[in-house]
Amino acid sequence: MADPDSLNPEQREAVSYRGGPLLVLAGAGTGKTRVIVHRVASLIREGAAPERILAVTFTNKAAEEMRRRVDALAPGGGALAWVYTFHAFAARILRSHAQRLGLPRRFTIYDQDDQKRLVAESIKELGLEKEKNKASLYVSLISRAKDDLLDAQSYAIYAMAQNDPSRETVARVYEVYQKKLSASGGLDFGDLLLKLVELFRGDAAIRELYQERFLHLLVDEYQDTNHAQYIITKTLASKHRNLCVVGDPDQSIYSWRGAHVRNILEFESDFPNAKVVRLERNYRSTPNILQAASLVIEHNRGRLKKSLWTERPEGPSVEVEELADEREEARSTARRAARLLDEGFSPKDMAVFYRTNAQSRSFEEAFTLAQIPHRVVGSVRFYERKEVKDALAYARAALNPADSISLSRILNVPPRGLGKASQEALEAHAKKTSAALREALEHADKVENLTPAARQGAAELVLLLEQLRREFEALGPADAMEAVLQKTGYWAWLEGLAESDPEEAARMENLQELLNAVREFEETCGEKPAPSPASGEQQAPARAALPEAPRIERFLESAALQTQADAYDANRPSVTLMTVHLAKGLEFPAVFLTGLEEGLFPISSVNTNPEELEEERRLCYVGMTRAKERLTLLHAATRRVFGRVYSNLPSRFIFEAGLIGRPAEDAAMARAHCAPAAMRVKAGMRVRHPEFGCGEIVEKSGSGEMLKVTVAFDSGATKKLLLRYAPLSPA
DNA sequence: TTTTGATAACTTTTT
DNA sequence: GTTATCAAAA
C-alpha cells in the first residue's frame, strides 16, 4: 500500500468501532495485521492505558512485530501493552501465581520431546507392551484432551462413560504421565492453558483481577484457537466486553492441533450484538493469483461466502509445471528462482512451500548446487537439537531440583559412570522413597546396586549442579550458559569427539549458536523494553529502568515457547524454504508451491474424511495467497518416499484453480468428494506401467490398501499388482 | 560401562 | 533413505 498509515473505510471502521464485541472477517492480504496495530495504537492515543490492553498473536515473532509497529504509531505504547501468544501469556500469569497453584516458583515448561520421553516411561511403567511404540500417538491424544480442557480425571470419566477400552488405556497413561509431570514441577504446552483456566475457575479474586485489568482484548488468527484459548478469551472479555477478534475461516489449518473453526463461525451467537466487519479488499496479490486461489477455496462447502477483490494490475498468469520426479521439481524451482534473480527479484523475495518437511531435502540440494542463497525454516528445530536440549537441561536441573526429567537427560552426558544400570538403581530408589531423582543422587551412598565409580559420579554431579545454581545468582543468561558448557565438561567432551567425527563438530557449532542466541536475548532483553520518552523508532533498551536484569530462567522460558515460525527472518538475504503451515501470515513477491500431487497435497490420509480434505484445501489456499506477483505450482509425476517410488496424479487443487483442463477420465473431480486418493480404477480401463508398458485392467480384487488389479499388458504378460505400490497411471 | 552395529520406525502439518 | 532405539562386543 502506498501510504502505510492510510486505511480503507472497512479497516477504519474495524479500528474505530467502540461498541463492544467486534468480529473482523479478514480475507487473505486484506490488511488484518494493520487493523490490529492501528486499533491498539488508536486506543492508546485515545487515552487507554497500554498496560490494560492485551493483544494475542499466533507466534512470538508476530508479537514482536506488532509491538514494534504499535510503538511507531503510539510511541511508548507498544512496549507497555501486553502482546503475547496465548502460551506466553499463560506462562506469565501462571508464574505470578505459581505459589497458589502449588507450582515451584521456577517451573519448567516441557516440550514435545520431553513429553514423549515421559509418556514412554509411563507406558513402560504400566506394562503396556503393545503400546510401547506409540508414545507419539499418546502425546497427541493427551495434548488434544488438554486443549479441550479435559484433565486426567475428566478424561478417565469420559473414557468410562464411552465404555471404550482404548480410551481407558489412554486415561491410565494420562494419569501416570500427569503425576510424573507434577512431580517434576513442570507444565507441558497444554497445561499452560489448562492451568490458567483452572486458576480462573478456582479463584474468583484472581479471575476478576484480570477481567478488570484488561480493558481491551484483541485476538489474531481467531479461526485457529482451540477450546482452552476460547474459554480464556471469553473469560477475560466478560467484564468489559471490549473484545476484537480477527481471522479468516478459510485459513483455518490447525484443527489437527485442537483448533475449532466454530469459535469464529459462532462468534456472533456467542456475543449477541457483536459487530461484524468484513475486509475484502486485497492489497497483496495480482488478480490472476487471487482468482486462482478463490476458485480453489470455493470448492469447500459450508463456508462463509466472501469475495476478495483488488485494484492491482493483472500481472503474469499463474504457472503450472509437471516434472518427472522430485529432483527435477527442485531443479526446475531453482532454475526459475535464478531467472527471477536475473529479473531483479532478491532472494528474500522468494519462497518455496511444501506440504511435508521431508520434501525440503531435494530443494536444499538443488539450491545449493545452483548457488542460490536459501534457508530452510523449521525442519529440525534449533531448540530440539540434542546438544542444545542437553545444555538447557543442565540449567533447568540446576535451577529446579524437582526436575527429574531434565536431570535424567544429562545424568550421564558427558559420561560419568552413571550408565543405564546406575540410572535404574537411582530411579528405583527415588520411587521407593517417593522422592525426586535429585534426592536419590544426593543420597547415592544409601542407594543399592551402585558401583563405586557410579557413587563418585553421583557426588560430582550433585556438587556441579549446586555450584551452577549458586553461580547463576550472579550471572546474566549468557555467562550462565557459558558456565554450563564449561563447568559440566560438555564443551571439552564434544571437543574430544569432534576430532574424529564431523557431526560432533556441527554440534559444537550449534552450541556456539546457542550462546549467540542467549547473548542476543540478553541484549534485547526478551522482555518489554523500557518505555521511550519520545521517538517511536528503534531505541536502546534502558537497562536501568528494568525491574530486574534478565536471568537465565527468562531465557529458558523464552526458548521453551519459541516456535518454528519464529525462526523466519524476513531480513535475511535468502530464499525461504518452509512448510505451508509455517507460511501462514507471511507474504512474498514470488512463491513456488510444490508437490501438488494427489496423495501428498492433499495428503493421502484425507481419503476417508471430507473435513480433512477441506482443511487441505484451505492449506492450499493459504499457500497460494502468500504470493504477491508470481505464483508457480509444481508437481512431480513420480516421487520417492521411504526409498520407494510412487507415481502421483496432479493435485485436484490444480484443476480446481482452473489452471489445467480436467483429465478426460474426470478422475480428479470424481474423487473430489472423498474417494481414495490412489488412482480410481475399473475393469476395462487402459493403464500405463513404466516397466511393463500399456495394458488393460481385467480384474479387480481386495479393497482399500489391499486393492489389487490384474493387468493384461500389451506385451502379452499378465500381472497382478498391488495398486498402492504399483506405479500405474491412466493411459 | 561404553561403544558399536543392527533394526525398526518414521513422515502431515506444531503452539 | 534417515534417524532413534536396542542388543551385543570391547
Side-chain angles (χ1 to χ4, degrees), chain A residues 56-63 84-91 109-113 115-117 120 132-137 139-140 143-144 146-147 188-193 221 224-226 228-229 252-259 326 353-362 377-381 383-384 386 411-424 450-454 457 497 500-501 503 560-567 578-584 595 599-606 612 615-616 618-620 622-623 639-646:
Chain A
V56 183
T57 59
F58 206 64
T59 65
N60 300 293
K61 185 130 261 162
Y84 289 109
T85 63
F86 270 110
H87 289 84
F89 171 73
I109 298 170
Y110 293 109
D111 68 12
Q112 215 156 348
D113 181 68
Q115 286 183 288
K116 204 176 152 188
R117 288 160 166 265
K132 72 171 178 208
N133 290 325
K134 299 193 201 153
S136 312
L137 174 69
V139 168
S140 82
S143 303
R144 285 305 72 72
K146 290 184 177 180
D147 289 340
D188 63 20
F189 283 123
D191 281 338
L192 289 172
L193 306 177
E221 307 282 10
D224 277 322
T225 49
N226 63 33
Q229 293 165 336
S252 152
I253 55 173
Y254 283 106
S255 71
W256 50 273
R257 211 174 66 192
E326 77 278 4
F353 301 151
Y354 33 78
R355 179 66 181 81
T356 69
N357 275 310
Q359 289 163 255
S360 67
R361 235 192 72 221
S362 48
V377 179
S379 64
V380 186
R381 295 201 213 189
Y383 288 106
E384 281 174 13
K386 183 185 174 298
L411 204 58
N412 203 30
V413 190
R416 55 171 72 82
L418 292 169
K420 203 174 147 197
S422 311
Q423 177 154 3
E424 271 167 18
L450 280 187
T451 62
L497 294 177
S500 55
D501 189 342
E503 267 182 46
L561 294 172
Q562 198 70 213
T563 74
Q564 292 201 22
D566 292 323
M578 55 168 50
T579 63
V580 199
H581 277 92
L582 285 188
K584 187 168 84 160
L600 182 63
F601 197 178
I603 203 134
S604 56
S605 59
V606 305
E612 284 175 23
E615 182 149 319
E616 291 288 306
R618 290 192 293 267
L619 190 57
C620 181
V622 167
R639 181 175 295 276
R640 188 178 285 274
V641 184
F642 279 139
R644 178 172 250 141
V645 178
Y646 291 82

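Below, all heavy atoms of this structure are taken into account, side chains as well, without hydrogens, waters or symmetry copies.
One N or O on the side chain of A:E615 and one on the backbone of A:S255 form a donor-acceptor pair closer than 3.5 Å. The backbone N or O of A:A259 sits nowhere less than 3.5 Å from a side-chain atom of A:D224 that would complete a donor-acceptor pair. A donor-acceptor pair is defined here as one N or O able to donate and one able to accept, closer than 3.5 Å; no such pair exists between the side chain of A:R416 and the backbone of A:G457. Side-chain atoms of A:Q359 come within 3.5 Å of backbone atoms of A:T356 as a donor-acceptor pair (strictly under, hydrogens ignored).
In this structure, A:T59 does not reach the B:dT15 phosphate: none of its side-chain N or O atoms is under 4.0 Å from OP1 or OP2. Distances shorter than 4.0 Å separate none of the side-chain N or O atoms of A:N60 from OP1 or OP2 on B:dT15. For the OP1/OP2 pair of B:dT13 and a distance below 4.0 Å, the side-chain nitrogens and oxygens of A:N357 include at least one atom meeting the criterion. Listed pair A:T579 / B:dT14 meets the phosphate criterion, a side-chain N or O lying under 4.0 Å from OP1 or OP2.
Within 4.0 Å of A:A421, counting heavy atoms only, lie sugar-phosphate atoms of the nucleic acid but no base atom. Within the nucleic acid shown, A:F86 has no heavy atom closer than 4.0 Å to any nucleic acid atom.
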Pairs counted only when both distances fall under 3.5 Å, Watson-Crick or G-U: show me the 5' to 3' dot-bracket for DNA chain B, [ ] for pseudoknotted crossings and | for other-strand partners.
||||||||||.....
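Position along DNA chain B of the nearest nucleotide to A:L561 versus A:R355 favours A:R355 as the more 5'-ward residue.
B:dT13 atom C1' lies 16 Å from atom CG of A:L137, rounded to whole Å. Summarising the geometry, the separation between CD on A:Q115 and C1' on B:dT15 is reported as 11 Å, rounded to the nearest angstrom.
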Give me, pair by pair, the N or O atoms of the protein and of nucleotides 9-11 of chain B that are less than 3.5 Å apart, along with how far apart they are.
from	atom 1	to	atom 2	distance (Å)
B:dA9	OP1	A:N133	ND2	3.3

Give me, pair by pair, the N or O atoms of the protein and of nucleotides 2-6 of chain B that are less than 3.5 Å apart, along with how far apart they are.
from	atom 1	to	atom 2	distance (Å)
B:dT2	OP1	A:G417	N	3.1
B:dT2	OP2	A:N412	ND2	2.6

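A search for side chain to side chain contact (heavy atoms under 4.5 Å, CB included) contacts involving A:A583 returns A:F353, A:M578, A:R626, not counting sequence neighbours. For A:A91, the side chain to side chain contact (heavy atoms under 4.5 Å, CB included) partners at least two apart in sequence or on another chain are A:I109, A:L192, A:E557, A:L561. With sequence neighbours excluded, the residues satisfying side chain to side chain contact (heavy atoms under 4.5 Å, CB included) with A:D111 are A:D113, A:D114, A:F189, A:E384, A:K389.
In this pair, A:W256 lays its aromatic ring flat on the base of B:dT13, centres within 5.5 Å and planes under 30 degrees apart.
The side chain of A:S422 approaches B:dT1 more closely than any other nucleotide in the set B:dT1, B:dT15, C:dT2. Listed nucleotides: B:dT12, B:dT15, B:dT1. Nearest to the side chain of A:T451: B:dT1.
A salt bridge does not link A:R361 to A:E326: none of the charged side-chain nitrogens sits closer than 4.0 Å to a carboxylate oxygen.
For the C1' atom pair drawn from C:dT5 and B:dT12, the interatomic distance equals 23 Å after rounding to whole Å.
Taking the six-membered ring where the residue is Trp, A:H581 and A:Y254 present tilted rings, their angle falling between 30° and 60°.
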